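In the text below, chain A, chain B and the rest are named by the order of the sequence lines, each starting its count at 1. Quick caveat, the model's predicted, so the values are computed rather than measured.
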Protein chains: 2
Amino acid sequence: MVQKQYRTKWKDSITEYLESHADQCFSAADIYAELKGKEASINLTTVYRNLEKLTESGKLMKYKAAGEDAYRYQYVEPYGNCQEHIHMQCRECGKLFHLECSFMKELTGHLLEHHGFMLEGQGSMLSGLCGMCKKNC
Amino acid sequence: MVQKQYRTKWKDSITEYLESHADQCFSAADIYAELKGKEASINLTTVYRNLEKLTESGKLMKYKAAGEDAYRYQYVEPYGNCQEHIHMQCRECGKLFHLECSFMKELTGHLLEHHGFMLEGQGSMLSGLCGMCKKNC
DNA sequence: TATAAAATTGCAAATAACTTGCAAATGCAA
DNA sequence: TTGCATTTGCAAGTTATTTGCAATTTTATA
Ligand SMILES: [Mn+2]
Ligand SMILES: [Mn+2]
Ligand SMILES: [Zn+2]
Ligand SMILES: [Zn+2]
């Protein structure tokens with residue numbers, strides 16, 4: 001059973017920070033660095049535990065970039081159920097993009113019909129360069 | 001500069017094992033378990049070092065399954081440059097499939113034209129259920 | 001508002017999967 | 001056969017993350 005969540009200073013701070021930077025992704029260490037300067041300093045364990053809870057509750061998406069060894073978290077609540085589409089991640093800036101368009105149906109259709117493969121959003125990640133980084137590279 | 005490789009007992013054993021199970025992927029620990037029973041017992045560090053070299057030389061592909069915390073290695077030499085296409089991994093049996101068909105062009109085309117995203121094979125992994133596991137599930 | 005159960009926190013210690021340093025052993029080109 | 005380059009084994013180091021536990025905070029309810 002999913003357990004109740006209490007509202008706390010740190011959960012609020014973390015949520016607020018990620019929500020106001022919803023187009024970027026951060027590691028636990030990033031967030032720790034950001035919030036440990038505050039009046040009362042946060043603890044790294046607390047960062048991990050809150051990120052885990054916020055992920056479970058669907059506010060964040062947790063994923064690991066190819067070649068990186070730390071998880072990154074991004075605020076994705078407005079994108080609803082991120083299980084129904086797949087994602088693209090920019091290997092340069094790390095940003096996450098949601099493949100929420102009609103092409104999803106073509107993709108799942110092709111994979112199923114020609115390869116017998118039933119695509120799932122969970123764990124599917126495309127890597128490459130986003131429009132911005134493509135220009136500046 | 002890429003350095004010369006000597007042929008050794010352990011490199012041969014690891015290659016042979018992975019090549020003869022080319023439709024499956026294994027973790028370093030799997031291979032260590034498999035080969036440590038042999039006459040002369042292998043060392044885990046040696047497993048890691050050889051897997052790394054075999055990957056660099058293009059014989060193996062190294063990837064991390066969604067949700068797993070250890071890398072897996074699969075013999076992919078016959079598939080040539082696995083940078084030019086993307087892969088599908090079965091979340092049930094772990095097998096890796098190569099998306100080597102004309103749909104790759106449609107996929108890269110769509111992503112570039114409609115999302116400004118330049119897809120790269122390196123690090124792109126689709127997750128789901130393969131035909132076999134779909135049936136048995 | 002007082003109370004108690006449940007959730008959260010901080011700190012230190014534990015994990016897990018690798019990686020590295022170094023001296024000894026092995027492979028190979030000449 | 002020799003000599004240099006690569007590989008190996010072992011112990012120790014890293015890094016990101018998790019866990020145990022006692023103290024603190026939150027929240028529901030009396
Ligand atoms: Mn999404
Ligand atoms: Mn391939
Ligand atoms: Zn980018
Ligand atoms: Zn399968």
>> In this structure, how many angstroms lie between the C1' atom of D:dA11 and the CG atom of B:L44, rounded?
In response: 13 Å

> Considering heavy-atom distances to DNA chain C, does A:W10 or B:A70 have its closest nucleotide positioned more toward the 5' end?
Replying inline: A:W10

> Quick one: are B:L112 and B:L119 in side-chain contact, heavy atoms under 4.5 Å?
Replying inline: no

>> Would you compute the distance between atom SG of A:C133 and atom NZ of A:K95 and round it to the nearest 0.5 angstrom?
In response: 7.0 Å

> How many Å lie between CD1 on B:I42 and P on D:dT7, as a whole number?
Replying inline: 14 Å

> So do the side chains of A:I31 and A:L18 get within less than 4.5 Å of each other, counting heavy atoms only?
Replying inline: yes

> Can you check whether B:E106's main-chain N or O pairs, donor with acceptor, with B:H110's side chain at less than 3.5 Å?
Replying inline: no

> For the pair made of OH in A:Y71 and P in D:dT17, what is the distance, rounded to whole Å?
Replying inline: 8 Å

> Within this structure, what is the CD1-to-P distance between A:I14 and C:dT8, rounded to whole angstrom?
Replying inline: 12 Å

>> Here's a test of your reading of the structure: between B:S27 and A:Q5, which maps to the more 5' nucleotide of DNA chain C?
In response: A:Q5

> Given atom CG of A:N43 and atom C1' of D:dA23, what is their separation to the nearest angstrom?
Replying inline: 14 Å

> Should the ring pair A:H85 and A:H87 be called parallel, tilted or perpendicular, given that the plane angle runs from 0 to 90° and is split at 30 and 60?
Replying inline: perpendicular

>> Is it the case that atom CD in A:Q24 sees more than 12 heavy atoms from other parts of the structure closer than 6.0 Å?
In response: yes

> Side chains of B:D12 and B:T15: do they bring a donor and an acceptor to under 3.5 Å?
Replying inline: no

>> Counting only heavy atoms and a strict 4.0 angstrom limit, can you tell me which residues of residues 45-54 of chain B come near DNA chain C?
In response: B:T45, B:Y48, B:R49

> Under 4.0 Å between a Lys/Arg side-chain N and an Asp/Glu carboxylate O for A:K134 and A:E92?
Replying inline: no

>> Below 4.0 angstrom, which residues in residues 55-62 of chain B have at least one non-hydrogen atom near DNA chain C?
In response: none

>> Looking at B:C25, is its backbone amide N or carbonyl O close enough to the side chain of B:R72 to form a donor-acceptor pair, meaning the two atoms are under 3.5 Å apart?
In response: yes

> For A:Q74 and A:Y63, does a side-chain donor sit closer than 3.5 Å to a side-chain acceptor?
Replying inline: yes

> Which whole-number value in Å describes the distance from A:K64 NZ to C:dA16 C1'?
Replying inline: 11 Å

>> Tell me every residue that passes ring-ring contact (aromatic ring centres under 6.0 Å, His included) with A:Y79, counting only those two or more places apart in sequence or in another chain.
In response: A:H98

> Where does DNA chain C form stems of at least three consecutive Watson-Crick or G-U wobble pairs, each pair having both distances below 3.5 Å?
Replying inline: C:1-30 with D:1-30

> Just one of A:L60, A:L96, A:T55 clears the side chain to side chain contact (heavy atoms under 4.5 Å, CB included) bar with A:V76, so which one?
Replying inline: A:L96

> Just checking, any donor-acceptor pair under 3.5 angstrom between side chains of B:Y32 and B:E34?
Replying inline: no

Atom pairs under 3.5 Å, N or O on each side, protein against nucleotides 3-6 of chain C: can you list them with distances?
| from | atom 1 | to | atom 2 | distance (Å) |
| --- | --- | --- | --- | --- |
| C:dA6 | N3 | A:Y6 | OH | 3.1 |

> B:K9 NZ to C:dT26 P: how many Å, rounded?
Replying inline: 8 Å

>> Apply side-chain hydrogen bond (donor to acceptor under 3.5 Å, both in side chains) to residues B:Y75 and B:E77 and explain how you reach the verdict.
In response: CA-CA 6 Å; B:Y75 192 82; B:E77 195 172 38; 2.8 Å; yes

> Would you call A:E120 and B:R91 a side-chain contact if the rule is heavy atoms closer than 4.5 Å?
Replying inline: yes

> Is it true that a side-chain atom of B:S124 and a backbone atom of B:I86 form a donor plus acceptor pair closer than 3.5 Å?
Replying inline: no

> What is the distance from CZ of A:F26 to C1' of D:dA16, rounded to the nearest Å?
Replying inline: 19 Å

Atom pairs, N/O to N/O, protein against nucleotides 1-3 of chain D, distance under 3.5 Å?
none

